[in-house]
A.B. asks: 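Supplied in structure tokens, the structure appears directly below.
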Amino acid sequence: MENNEEIKASNFIKTILRKDIEEAKNDGRVHTRFPPEPNGYLHIGHAKSICLNFGIAEEFGGKCNLRFDDTNPLKEDTEYVDSIKEDVKWLGFEWGETEFYASDYFDKFYEFAVKLVTKGVAYVDSLTPEEIKEYRGNLKEPGKNSPYRDRTPDENLELLQKMKDGQFADGECVLRAKIDMSSPNINMRDPIMYRIANTEHHRTGDKWCIYPMYDFAHGLEDSIEGVTHSICTLEFEDHRPLYDCFLDQLEVFHPQQIEFARLNLTYTMMSKRNLLTLVNEGYVSGWDDPRMPTIAGLRRRGYTPASIRNFAEMIGVSKANSIVEYAQLEYCLREDLNKVAQRVMVVTDPLKVVITNYPEDETEMLTAENNPECEADGNREIPFCREIYIEKDDFMEDPPNKYFRLSPGKEMRLKHAYYITCDEVIKDDNGEVIELRCSYDPKSRGGWTDDGRRVKGTAHWVSAKHCIDAEIRMYDHLFTIPNPSRRKKGEVFTDNINPDSMKVVSALAEPSLASIEAGKHFQFLRIGYFTSDKDTTDGKPVFNKTVGLKDTWAKMKK
RNA sequence: AGGGGUAUAGCCAAAUUGGCAAGGCAGCUGGUUUUGGUCCAGUGUACUGCAGGUUCGAGUCCUUCUACCCCUGCCA
């Protein structure tokens, strides 16, 4: 609901924005962009950036461009641009009719490069990659000038043309900005603007064999699009002088780069490289494995766009490195799912209960509300009969204090059905409880009596005669330690992978779940939120455990 | 003396020009409840990284120090 004004948290970026608007900088325009490189799948960290950039545009009446920063054909692919578009759309953001591509500006970039060469502030360097590295110096020592640094503009122009024309092999030469080889900021030591890559680009084909580097291209992309505030992550702080430098020298519209801290989450890993390893080495089933922090993974797991957007709003934006507790994400998820998920009954670890005083062949239909949080969702009918299953956990032969489920001689409510009392416990040869004999109170139909009886415990159940099989995939964190990127010496990140991050359980579900489509959210009463997986077939639903319900009883037991 | 950043409760994070240190998550207590869910109410000694200084008054200004993060791709 957009009409009840949400109170949005303040952050340092909005403070800058408000000031800029007040001072009528850029005529008071606010224009941001989300600039993913199409070389991998988006994850929740990107979601933070998406929400930030699109959110700002929305809040300040501006625009946000979706721009693919596709300047490196070696790593990029259309597969990724498709998935990125899908994910942004799914999160609920719209970028208008135009999607932007850095590759659309390749001609302009080249013109700008020619201009800088003509000005004498860029040159073609013929050092080998190894030599360039050597000449760059290091953190302690300044670099030294390339012997090719003083080539004349005419000479450079000619060489640049040849680079463009494909007269050089990969790595034979590069175009560099002539800045300062002794700068304490290594990015300023004559950064490379263009490199040669005789590779097809997924959008420009074989038109180009030279491709611009991030530092040269990015500010220009922003400038060309009229972006006012170019929001990126902290590691680009050192690049800002360069960002400014190119724009100043070219005398073009000058957006402002602002850096914020990327998102880290406990028990997860965010680096694209490591995520790729998880996929390639089979630790997970793919980019959309429900345990992955990718948008695709979260979606399949059952996360909702609203939950992720709300999370992004809730955690705020700052420049301090931080690790957000996973519980905060889960809170947002439960908050949303509680409002929308239909309640159903599913037994994951069945214990048979025979209701001895219930007629042998009778089946009756009982009314169950679909969602107590939303009356409009209505009711459904569920079958009840003499034999049912309840959760093993809901019975204890020798219960501790404050256990108010079923135990010998005690009464418990079956949700939406009847009160039952446990009369007899049947065990197998190993002494394990395999069946309960109970009696029900016909007066308690619907799960209530008006005689003032206090029946505290309520359990979910399914009818033995009518229930269906369901596969449930129970998930846990992918890593066993809160900060898997900060591990002990000598360990690789895969050493901390949780071997029990997925357990497949076959469960018994109420018959209404017999034919459902994928991607539906449910609350399995008293267990948690579950979402039907794409592996679901007619008659055999497959569910992903999205997140458990808060369980204060489990906490008490500890 | 490389450079660039950041330090506010277990976690995240606000704080107009210096003016009693928000809020959320987690935790804990109660209440409501046909989900031990939801909901409601309550709940914190934060020496604002340390040490000094300026000031009637400092998280905000000044100085010293410490810890952590980022930078030596023809990646972004």
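Since this is a predicted model, take the numbers as computed values, not measurements. In what follows, chains are A, B, ... by sequence order, proteins preceding strands, each numbered from 1.
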A.B. asks: Please determine whether any donor N or O and acceptor N or O are separated by less than 3.5 Å between the side chain of Glu325(A) and the base of rG10(B).
C.D. replies: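 Checked by distance alone, the answer is yes.
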A.B. asks: Would you mind reporting whether Val124(A) and Tyr194(A) have side-chain heavy atoms less than 4.5 Å apart?
C.D. replies: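 No - every pair of side-chain heavy atoms lies 4.5 Å or more apart.
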A.B. asks: Which is true for Val174(A) with a 4.0 Å heavy-atom rule: it touches a base, it touches only sugar-phosphate, or it touches nothing?
C.D. replies: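 Contact class for Val174(A): base.
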A.B. asks: Base, sugar-phosphate alone, or nothing: which one does Thr266(A) contact when heavy atoms must sit under 4.0 Å apart?
C.D. replies: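 Nothing, no nucleic acid heavy atom in range.
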A.B. asks: Under a 90° cut-off about 0 for the syn range, is rG49(B) syn or anti?
C.D. replies: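 rG49(B): anti.
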A.B. asks: Given rC74(B), rA14(B), rA15(B), which nucleotide is nearest the side-chain atoms of Asn11(A)?
C.D. replies: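 Of the candidates, rA14(B) comes closest.
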A.B. asks: What is the distance, to the nearest angstrom, from the CD atom on Glu330(A) to the P atom on rC12(B)?
C.D. replies: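 Result: 17 Å.
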A.B. asks: Indicate, yes or no, whether a donor-acceptor pair under 3.5 Å links the base of rU35(B) to the side chain of Gln523(A).
C.D. replies: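 Counting by modelled atom types and ignoring angles, a donor-acceptor contact under 3.5 Å is found here.
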A.B. asks: Do we get Arg33(A) above Phe100(A)'s six-membered ring, with its NZ or CZ under 6.0 Å from the centre and within 45° of the axis?
C.D. replies: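 The answer is no, since Arg33(A) fails at least one limit relative to Phe100(A).
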A.B. asks: Are Phe522(A) and Phe530(A) an aromatic pair, judged by ring center distance below 6.0 Å?
C.D. replies: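 No - the distance between ring centres of Phe530(A) and Phe522(A) does not fall below the 6.0 Å cut-off.
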A.B. asks: Under 4.0 Å between any heavy atoms, over every strand shown, what does His460(A) touch: base, sugar-phosphate, or nothing? Just pick one.
C.D. replies: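 Since no nucleic acid heavy atom lies under 4.0 Å of His460(A), the category is nothing.
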A.B. asks: With a non-hydrogen cut-off below 4.0 angstrom, is Ile323(A) in contact with a base, only sugar-phosphate, or nothing?
C.D. replies: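 Since only primed, P, OP1 and OP2 atoms lie under 4.0 Å of Ile323(A), the category is sugar-phosphate.
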A.B. asks: Rounded to the nearest Å, what distance is computed from the CG atom of residue Leu159(A) to the P atom of nucleotide rC74(B)?
C.D. replies: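 Leu159(A) atom CG is separated from rC74(B) atom P by 19 Å.
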A.B. asks: Across the strands shown, which category fits Asp238(A) at heavy-atom distances under 4.0 angstrom: base, sugar-phosphate, nothing?
C.D. replies: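 Result for Asp238(A) = base.
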A.B. asks: Any side-chain heavy-atom pair from Leu160(A) and Tyr110(A) closer than 4.5 angstrom?
C.D. replies: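 Result yes, sub-4.5 Å side-chain heavy-atom pair found.
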A.B. asks: Quote, to the nearest angstrom, the P distance that separates rA58(B) from rC50(B).
C.D. replies: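 The answer is 15 Å between these two P atoms.
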A.B. asks: Rounded to whole Å, please give me the gap between CE in Met314(A) and P in rA22(B).
C.D. replies: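 After rounding, the reported distance stands at 19 Å.
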A.B. asks: Both distances below 3.5 Å, Watson-Crick or wobble geometry, any strand: find the nucleotide opposite rC68(B).
C.D. replies: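 Across all strands, the one nucleotide that pairs with rC68(B) is rG5(B).
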A.B. asks: Report yes if a donor N or O on one partner sits less than 3.5 Å from an acceptor N or O on the other, where the partners are the side chain of Arg189(A) and the base of rU72(B); otherwise report no.
C.D. replies: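 Answer is no: no donor-acceptor pair is held.
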A.B. asks: Using a heavy-atom cut-off of 4.0 Å across all strands, would you classify Tyr403(A) as base, sugar-phosphate, or nothing?
C.D. replies: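 Base contact.
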A.B. asks: Could you state the OH-P distance from Tyr326(A) to rA26(B), rounded to the nearest angstrom?
C.D. replies: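 Rounded to the whole Å, the gap is 15 Å.
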A.B. asks: Check whether any side-chain heavy atom of Met270(A) lies under 4.5 Å from a side-chain heavy atom of Leu265(A), and answer yes or no.
C.D. replies: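 A side-chain contact exists here, since the closest heavy-atom pair is under 4.5 Å.
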A.B. asks: Closest approach to the side chain of Arg343(A), judged atom by atom: which nucleotide of rG37(B), rG2(B), rA76(B) is it?
C.D. replies: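 The listed nucleotide nearest to Arg343(A)'s side chain is rG37(B).
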A.B. asks: Starting at the 5' end of RNA chain B, which residue's closest nucleotide do you reach first, Met213(A) or Phe404(A)?
C.D. replies: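 Its nearest nucleotide being more 5', the pick is Phe404(A).
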A.B. asks: Any strand counts, and the cut-off is 3.5 Å on both contacts for Watson-Crick or G-U wobble. Which nucleotide pairs with rC28(B)?
C.D. replies: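 Per the H-bond distance test, rG42(B).
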A.B. asks: Hey, is the side chain of Glu141(A) pairing donor to acceptor with the base of rG2(B) inside 3.5 Å?
C.D. replies: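 No, no donor-acceptor pair under 3.5 Å.
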A.B. asks: Measuring from the side chain of Thr71(A) (C-beta onward, heavy atoms only), which nucleotide among rC74(B), rC69(B), rA76(B) has the closest atom?
C.D. replies: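 When the side chain of Thr71(A) is considered, rA76(B) is the closest of rC74(B), rC69(B), rA76(B).
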A.B. asks: So what does Thr233(A) hit on the nucleic acid, given a heavy-atom distance under 4.0 Å: a base, only sugar-phosphate, or nothing?
C.D. replies: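 Since no nucleic acid heavy atom lies under 4.0 Å of Thr233(A), the category is nothing.
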A.B. asks: So what does Arg486(A) hit on the nucleic acid, given a heavy-atom distance under 4.0 Å: a base, only sugar-phosphate, or nothing?
C.D. replies: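 Answer is sugar-phosphate: Arg486(A) comes under 4.0 Å of backbone atoms only.
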A.B. asks: Gln328(A) has a side chain; which of rC75(B), rG2(B), rC25(B) sits nearest to it?
C.D. replies: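 Nucleotide nearest to Gln328(A)'s side chain: rC25(B).
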A.B. asks: Whether the side chain of Asp551(A) and the base of rG36(B) hold a donor-acceptor pair under 3.5 Å is what I'd like checked.
C.D. replies: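 Per atom types, no contact qualifies.
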A.B. asks: Would you mind telling me which of rU72(B), rC12(B), rC28(B) lies closest to the side-chain atoms of Lys555(A)?
C.D. replies: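 Side chain of Lys555(A) sits closest to rC28(B).
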A.B. asks: Considering every strand and a 4.0 Å limit on heavy-atom distances, what is the contact class for Pro35(A): base, sugar-phosphate, or nothing?
C.D. replies: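 The residue Pro35(A) makes no contact with any strand.
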A.B. asks: Applying a 4.0 Å non-hydrogen cut-off, can you work out what Ile186(A) is touching in the nucleic acid: base, sugar-phosphate, or nothing?
C.D. replies: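 Answer is sugar-phosphate: Ile186(A) comes under 4.0 Å of backbone atoms only.
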A.B. asks: Determine: side-chain N/O of Ser10(A) to OP1/OP2 of rA15(B), distance under 4.0 Å, yes or no.
C.D. replies: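 Yes, because at least one side-chain N or O of Ser10(A) sits under 4.0 Å from OP1 or OP2 of rA15(B).
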A.B. asks: Heavy atoms under 4.0 Å, any strand shown: does Ile315(A) hit a base, just sugar-phosphate, or nothing?
C.D. replies: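 The residue Ile315(A) makes sugar-phosphate contact but no base contact.
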A.B. asks: Is the distance from OP1 or OP2 of rG73(B) to the nearest side-chain N or O of Lys133(A) less than 4.0 Å?
C.D. replies: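 Result: yes.
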A.B. asks: Atom CE of Met163(A) to atom P of rC74(B): distance rounded to whole Å?
C.D. replies: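 So the CE-P distance, Met163(A) to rC74(B), works out to 13 Å.
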A.B. asks: Evaluate whether the aromatic ring of Tyr214(A) and the six-membered ring of the rA76(B) base sit under 5.5 Å apart, centre to centre, with an inclination under 30°.
C.D. replies: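 The ring of Tyr214(A) is not stacked on rA76(B).
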A.B. asks: rG5(B) phosphate, OP1 or OP2: any side-chain N/O from Arg262(A) under 4.0 angstrom?
C.D. replies: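 Looking at the OP1 and OP2 atoms of rG5(B), neither is under 4.0 Å from any side-chain N or O of Arg262(A).
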A.B. asks: Quick one: which of rG36(B), rA76(B), rG37(B) gets closest to the side chain of Leu549(A)?
C.D. replies: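 Given the options rG36(B), rA76(B), rG37(B), the side chain of Leu549(A) is closest to rG37(B).
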A.B. asks: Between His201(A) and Phe106(A) (judged by ring centroids, cut-off 6.0 Å), do the two rings come close enough to count as a pair?
C.D. replies: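 Yes: the rings meet the under 6.0 Å criterion.
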A.B. asks: Report which part of the nucleic acid Glu373(A) touches: base, sugar-phosphate, or nothing (heavy-atom distance under 4.0 Å, all strands).
C.D. replies: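 Result for Glu373(A) = base.
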A.B. asks: Scan His239(A) against the nucleic acid and name what it touches under 4.0 Å (heavy atoms): base, sugar-phosphate only, or nothing.
C.D. replies: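 Base contact - His239(A) has a heavy atom under 4.0 Å of at least one base atom.
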A.B. asks: For the pair made of NZ in Lys75(A) and C1' in rC75(B), what is the distance, rounded to whole Å?
C.D. replies: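 Interatomic distance, NZ of Lys75(A) to C1' of rC75(B): 4 Å.
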A.B. asks: Distance check: side-chain N/O of Arg405(A) vs OP1/OP2 of rG36(B), anything under 4.0 Å?
C.D. replies: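 It does not, given that no N or O in the side chain of Arg405(A) lies less than 4.0 Å from OP1 or OP2 of rG36(B).
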A.B. asks: Looking for any heavy atom pair under 4.0 Å, which part of the strands does Arg413(A) touch: base, sugar-phosphate only, or nothing?
C.D. replies: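 The answer is base, as Arg413(A) lies within the cut-off (heavy atoms under 4.0 Å) of a base atom.
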A.B. asks: The side chain of Ser322(A) is closest to which nucleotide in this list: rG36(B), rC12(B), rA14(B)?
C.D. replies: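 So the side chain of Ser322(A) is nearest to rC12(B).
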A.B. asks: Phe246(A) versus Leu116(A): any side-chain heavy-atom pair under 4.5 Å?
C.D. replies: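 Heavy-atom side-chain distance check passes, below 4.5 Å.
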A.B. asks: Can you say whether a donor on the side chain of Arg240(A) sits under 3.5 Å from an acceptor on the base of rG4(B), or the other way round?
C.D. replies: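 No, the side chain and the base share no sub-3.5 Å donor-acceptor pair.
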A.B. asks: Nearest to the side chain of Arg195(A), which nucleotide is it out of rC75(B), rC71(B), rC25(B)?
C.D. replies: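 Per side-chain heavy atoms of Arg195(A), the pick is rC75(B).
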A.B. asks: Check if the side chain of Glu235(A) and the base of rG5(B) share a donor-acceptor pair of N or O atoms closer than 3.5 Å.
C.D. replies: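 When only heavy-atom distances are counted, Glu235(A) does not reach the base of rG5(B) through any donor-acceptor pair under 3.5 Å.
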A.B. asks: Which residue, Asp215(A), Asp222(A), Asn187(A), forms the side-chain hydrogen bond (donor to acceptor under 3.5 Å, both in side chains) with Tyr243(A)?
C.D. replies: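 That would be Asp222(A).
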A.B. asks: Specify the separation, in whole Å, of atom CD of Glu313(A) and atom P of rA14(B).
C.D. replies: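 Interatomic distance, CD of Glu313(A) to P of rA14(B): 11 Å.
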A.B. asks: I'd like to know whether the aromatic ring centres of Phe384(A) and Tyr418(A) sit less than 6.0 Å apart in this structure.
C.D. replies: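 Yes - the distance between ring centres of Phe384(A) and Tyr418(A) falls below the 6.0 Å cut-off.
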A.B. asks: Regarding Tyr41(A) and Glu79(A), is there a side-chain donor-to-acceptor distance under 3.5 Å anywhere?
C.D. replies: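 There is such a pair between these side chains.
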A.B. asks: Looking at the side chain of Met556(A), which of rA14(B), rG36(B), rC71(B) is the nearest nucleotide?
C.D. replies: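 Nearest to the side chain of Met556(A) among the choices is rG36(B).
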A.B. asks: Starting at the 5' end of RNA chain B and moving along, which residue's nearest nucleotide shows up first, Glu237(A) or Pro184(A)?
C.D. replies: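 Closest to the 5' end, via its nearest nucleotide, is Pro184(A).
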A.B. asks: In whole Å, what is the span from the CG atom of Leu242(A) to the C1' atom of rG3(B)?
C.D. replies: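 My rounded result for the distance is 13 Å.
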A.B. asks: Picking from rC71(B), rC74(B), rU38(B), which would you name as closest to the side chain of Asn187(A)?
C.D. replies: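 Nucleotide nearest to Asn187(A)'s side chain: rC71(B).
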A.B. asks: Can you tell me the Watson-Crick or wobble partner of rG37(B), both distances under 3.5 angstrom?
C.D. replies: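 rG37(B) is unpaired by these criteria.
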